[in-house]
Amino acid sequence: MSKTLVEKIWDAHVVKSEEGFPDILYIDTHLIHEVTSPQAFDGLRKRGLPVFRPKQTVATADHNVPTLNQLLPIKEELSRYQVDMLTKNCAEFGVELYGLGHPFQGIVHVIGPELGITLPGKTMVCGDSHTSTHGAFGAIAFGIGTSQVEQVFATQCLLQSKPKTMKIEVNGELGNGVGAKDIILYIIAKISAAGGTGYFIEYAGSAIEALSMEARMTICNMSIEMGARGGLIAPDQTTFDYIKGREFAPAGEEWDKALAYWETLYSDADAKFDSVLTFDAADIAPMITYGTNPGMGMGIQEHIPATGAQPEKEKLSYQKALDYMGFDDDSSLIGKPVDYVFIGSCTNSRIEDLREVADFVKDKRKADNVTVWIVPGSKQVEQQAKNEGLDRIFEAAGFQLREPGCSACLGMNEDKIPAGKYCVSTSNRNFEGRQGQNARTLLASPLTAAAAAVTGKITDVRNLLEKA
Amino acid sequence: MKKFTKLTSAVVPLNIENIDTDQIIPARFLKATTREGFGENLFRDWRYNGDNTPKPEFVMNNPTYSGQVLVAGKNFGCGSSREHAAWAIQDAGFDVVISSFFADIFKGNALNNGLLPIQVSEEFLAQIFKAVDSNPKSALAVDLENQTVTIVETGAQESFEINPYKKSCLINGYDDIDFILNQKQLIKEFEEGRG
């Protein structure tokens with residue numbers, strides 16, 4: 001019987017399937033961090049259980065960590081306690097930890113791929129909704145709650161109902177100045193912040209196939225922003241080339257064996273999806289959000305949709321969002337002054353993102369009214385940026401290159417955007433207060449963020465690029 | 001896990017759509033390492049000003065409204081996977097959340113903690129909001145066994161869906177770990193079978 005990619009991977013991991021019950025799904029890799037794991041470790045202690053498969057569990061500290069002076073003890077007491085607790089729990093339960101000071105430390109969804117832990121055909125979970133990132137490799141990867149973290153600790157399995165499948169095809173060529181972040185913000189704006197709920201999404205089409213691995217991660221990362229359980233892309237030569245030679249990737253005979261399996265990982269030609277959507281890459285402009293959920297996005301030259309044009313029962317929520325942002329409906333954002341630019345997060349903090357920004361800001365300087373933070377996704381990304389001299393370009397431009405962590409994406413550490421201030425952010429959520437109490441977030445690509453940094457206002461980056 | 005069978009209670013209405021988990025419990029309150037105490041920060045930034053004084057216009061600060069049932073607009077619980085959102089709602093005294101649509105991860109987290117998420121139709125949700133609007137003490141009767149929710153005053157009733165396994169977990173107070181632990185041998189056999 002023909003199967004979708006999701007079905008192939010899912011079926012290969014079902015321990016038991018019984019009518020009236022969710023499947024018992026085997027989990028290959030469990031990633032953990034300091035915020036959503038302590039209560040799960042506590043649960044194990046209460047039940048008197050060990051971590052069943054500690055070697056399939058990897059930990060890092062990312063959500064809470066400072067992005068300056070990481071080798072000093074964490075100043076903020078509660079954050080320090082939580083990070084210390086992770087260290088203690090990992091030691092007690094035999095889990096490998098890439099904590100502060102370790103050369104592999106970084107945002108959990110950046111280090112998995114760069115270490116060769118994320119591989120095609122795997123099932124992967126983490127107590128973090130952006131676990132969908134790993135789907136870029138053709139893996140089933142999704143975010144879970146803390147009770148489920150405890151469940152995976154205890155059994156290396158999860159009780160899960162098989163999701164519905166959706167295929168999103170993007171065909172054609174992207175315009176100059178348009179990238180992966182614009183593709184995904186465009187799709188979310190089209191289908192809404194709830195449009196993917198209940199589905200696992202497979203991204204396909206020529207525009208997706210043309211993307212690098214890091215760009216594919218940006219796409220899969222934001223699957224959750226339309227409510228989807230996860231998103232994935234069939235592995236291909238781009239995937240295999242990226243994985244080969246990485247720290248924990250299979251090598252030698254193991255590589256050949258793995259590759260033979262990975263090459264079977266695609267949706268069969270006549271496989272049935274529950275839903276199929278198709279978009280044209282040529283229709284996509286640099287995107288920016290104007291509201292308080294990632295579905296409230298538009299092409300940067302467009303006007304904010306009129307409140308009057310919203311469905312009656314949604315008008316109140318819609319206007320509330322615009323009031324929070326301090327924007328008028330039916331107006332343009334072009335030329336609107338910004339206060340902060342944040343380039344980072346599990347969506348856009350990889351070396352290609354930093355290279356793209358550095359390439360754009362070379363010989364330019366940030367506007368005086370803007371504070372710019374660049375937070376690399378991992379120690380390895382940070383080191384690579386320095387090896388390539390990107391740090392010097394950023395310094396000359398007045399951009400601050402900090403140390404790795406989730407940082408201002410969610411403002412759990414001290415990297416918060418002050419109340420009322422506008423931040424153009426390469427992160428994934430523009431929820432009220434996400435980047436700090438009453439902070440106002442505009443989601444965009446690294447290029448659009450860099451353009452805002454240089455001009456001090458919302459700018460169509462295409463006007464600043466040399467014509468290709 | 002906390003058991004649930006039935007409940008009749010007044011409701012706290014929150015007629016807003018797309019309520020994300022950052023509103024339910026902002027990230028800065030996720031630093032605790034136990035499950036308790038999140039209730040006081042439920043909807044923190046809608047409930048309190050920056051100086052910690054209550055915002056009188058927010059429904060939870062209005063003594064007219066109380067009860068163990070939270071009723072909210074569609075796509076409730078979208079965003080982060082933080083289970084702290086379910087813990088905060090429960091810790092603030094709610095046993096049931098009603099919406100016309102729930103985000104997946106939130107719904108799973110709620111069920112794993114004995115907090116019952118009930119998805120009703122848009123029309124029934126509008127009827128609930130209308131009933132509470134005209135009489136804030138208007139009560140809802142929730143019956144898990146029969147999978148019904150009733151507006152007591154008008155008698156209007158709707159049935160709701162729930163996975164039969166999850167239903168039995170709630171009624172008996174079992175959780176998923178209790179269920180899977182009994183099948184560890186199967187898991188080991190699965191691992192051996194993969195080589």
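Lettering follows sequence order; numbering is per chain, from 1. The figures that follow rest on heavy atoms only: side chains count, while hydrogens, waters and symmetry mates do not.
Using a 4.5 Å cut-off between heavy atoms, Glu17(B) contacts chain A through both its backbone and its side chain. Neither the backbone nor the side chain of Lys167(B) comes within contact range of chain A, judged by heavy atoms closer than 4.5 Å. For Phe102(B), the part lying near chain A is the backbone, with the side chain staying farther off; criterion is any non-hydrogen pair under 4.5 Å. There is no contact between Phe142(A) and chain B, counting heavy-atom distances below 4.5 Å. Contact of Met85(A) with chain B is made through the side chain alone, with heavy-atom distances under 4.5 Å. With a 4.5 angstrom heavy-atom cutoff, Asp45(B) touches chain A only via side-chain atoms. Of the two parts of Ala85(B), neither the backbone nor the side chain holds a non-hydrogen atom closer than 4.5 Å to a non-hydrogen atom of chain A. Contacts between Asn163(B) and chain A at a heavy-atom distance below 4.5 Å involve the side chain alone, from C-beta outward. Both the backbone and the side chain of Asp178(B) come within contact range of chain A, each with at least one heavy atom under 4.5 Å from a heavy atom of that chain. Using a 4.5 Å cut-off between heavy atoms, Ile144(A) touches chain B through its backbone atoms (N, CA, C, O) alone. With a 4.5 Å cut-off on non-hydrogen atoms, Ala12(A) touches chain B through its backbone but not through its side chain. Of the two parts of Ser129(A), the backbone and the side chain both hold a non-hydrogen atom closer than 4.5 Å to a non-hydrogen atom of chain B. Heavy atoms of Val149(A) lying under 4.5 Å from chain B are absent altogether. The contact between Glu122(B) and chain A is made entirely by side chain atoms (from C-beta outward), counting heavy-atom distances below 4.5 Å. At a 4.5 Å heavy-atom cutoff, the contact between Asn109(B) and chain A is made by side-chain atoms alone. Contact of His13(A) with chain B is made through backbone and side chain together, with heavy-atom distances under 4.5 Å. Interface remark: Lys74(B) contributes side-chain atoms only to the contact with chain A (heavy atom separation under 4.5 Å).
When each of Asn438(A), Asp128(A), Asn413(A), Asn428(A) is scored by its heavy-atom pairs under 4.5 Å with chain B, the top score falls to Asp128(A). Of the residues considered (Asp42(A), Leu159(A), Asn64(A), Leu49(A)), Leu159(A) shows the highest number of contacts with chain B, using heavy-atom pairs under 4.5 Å. Contact count versus chain B (heavy atoms, under 4.5 Å) is highest, among Gln82(A), Lys416(A), Glu76(A), for Gln82(A). When the candidates Gly198(A), Ser192(A), Gly227(A), Gly43(A) are compared by the number of heavy-atom contacts under 4.5 Å with chain B, Gly198(A) comes out ahead. The greatest number of non-hydrogen atom pairs below 4.5 Å with chain A, out of Asn18(B), Asp175(B), Asn15(B), is found for Asp175(B). Ranked by heavy-atom pairs under 4.5 Å with chain B, the list Glu314(A), Gln437(A), Gln39(A) is led by Gln39(A). Annotation: maximal heavy-atom pairing with chain A below 4.5 Å, among His84(B), Arg82(B), Arg44(B), Lys107(B), occurs at His84(B). Ranked by heavy-atom pairs shorter than 4.5 Å toward chain B, the options Lys313(A), Glu34(A), Arg47(A) are led by Arg47(A).
We find the CD1-CG distance between Ile180(B) and Leu158(A) to be 6.5 Å, quoted to the nearest 0.5 Å. The structure places CD of Glu18(A) at 11.0 Å from OH of Tyr165(B), a figure rounded to the nearest 0.5 Å. One distance of note links NZ of Lys31(B) with NE2 of His63(A); it measures 12.0 Å at 0.5 Å rounding. Distance check: Asp22(B) CG to Arg434(A) CZ gives 4.5 Å after rounding to the nearest 0.5 Å. Separating the OG1 atom in Thr131(A) from the CD1 atom in Ile105(B) is a distance of 7.5 Å, to the nearest 0.5 Å. The CD1 atom of Ile187(B) lies 9.0 Å from the CD atom of Gln156(A); values are rounded to the nearest 0.5 Å.
Of the charged side-chain nitrogens involved, none lies within less than 4.0 Å of a carboxylate oxygen, so that Glu191(B) and Lys55(A) do not count as a salt-bridged pair.
At a threshold of 4.5 Å between non-hydrogen side-chain atoms, the residues Ile177(B) and Glu150(A) count as touching. Side-chain contact between Arg429(A) and Cys78(B): absent, with no pair of heavy atoms (C-beta onward) separated by less than 4.5 Å. Side-chain atoms of Thr146(A) and Trp87(B), non-hydrogen and from C-beta on, do get closer than 4.5 Å to each other. The closest side-chain heavy-atom distance from Ile24(A) to Gln183(B) is below 4.5 Å. Counting heavy atoms from C-beta outward, Thr292(A) and Gln23(B) have side chains that stay 4.5 Å or more apart. By the 4.5 Å heavy-atom criterion applied to side chains, Thr36(A) and Glu83(B) are not counted as neighbours.
Surrounding NZ of Lys137(B) are more than 12 heavy atoms belonging to other residues, nucleotides or ligands, all under 6.0 Å away. No more than 12 heavy atoms of other residues, nucleotides or ligands lie within 6.0 Å of NZ in Lys3(B), so this atom counts as exposed by the packing criterion. No more than 12 heavy atoms of other residues, nucleotides or ligands sit less than 6.0 Å from atom NZ of Lys75(A). Annotation: Tyr81(A), atom OH; neighbour count of heavy atoms from other residues, nucleotides and ligands within 6.0 Å does not exceed 12. At most 12 non-hydrogen atoms from other residues, nucleotides or ligands lie less than 6.0 angstrom from CD of Glu161(B). Dense packing is recorded around NZ of Lys320(A), with more than 12 heavy atoms of other residues, nucleotides or ligands lying under 6.0 Å away. Around atom CG of Leu316(A), no more than 12 heavy atoms belonging to other residues, nucleotides or ligands sit under 6.0 Å away. No more than 12 heavy atoms of other residues, nucleotides or ligands lie within 6.0 Å of CD in Glu77(A), so this atom counts as exposed by the packing criterion.
Taking the six-membered ring where the residue is Trp, Phe21(A) and Phe179(B) present parallel rings, their angle staying beneath 30° rather than reaching 60°.
When all heavy atoms are compared, the tightest approach of Pro164(B) to Gly20(A) is CG-O, 3.9 Å. Across all non-hydrogen atoms, the minimal contact from Asn113(B) to Ser147(A) is ND2-OG, 3.9 Å.
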Please test Arg194(B) against Asp28(A) for side chain to side chain contact (heavy atoms under 4.5 Å, CB included), starting from the C-alpha separation and ending with a verdict.
-> CA-CA 12 Å; Arg194(B) 307 173 86 203; Asp28(A) 293 317; 3.0 Å; yes

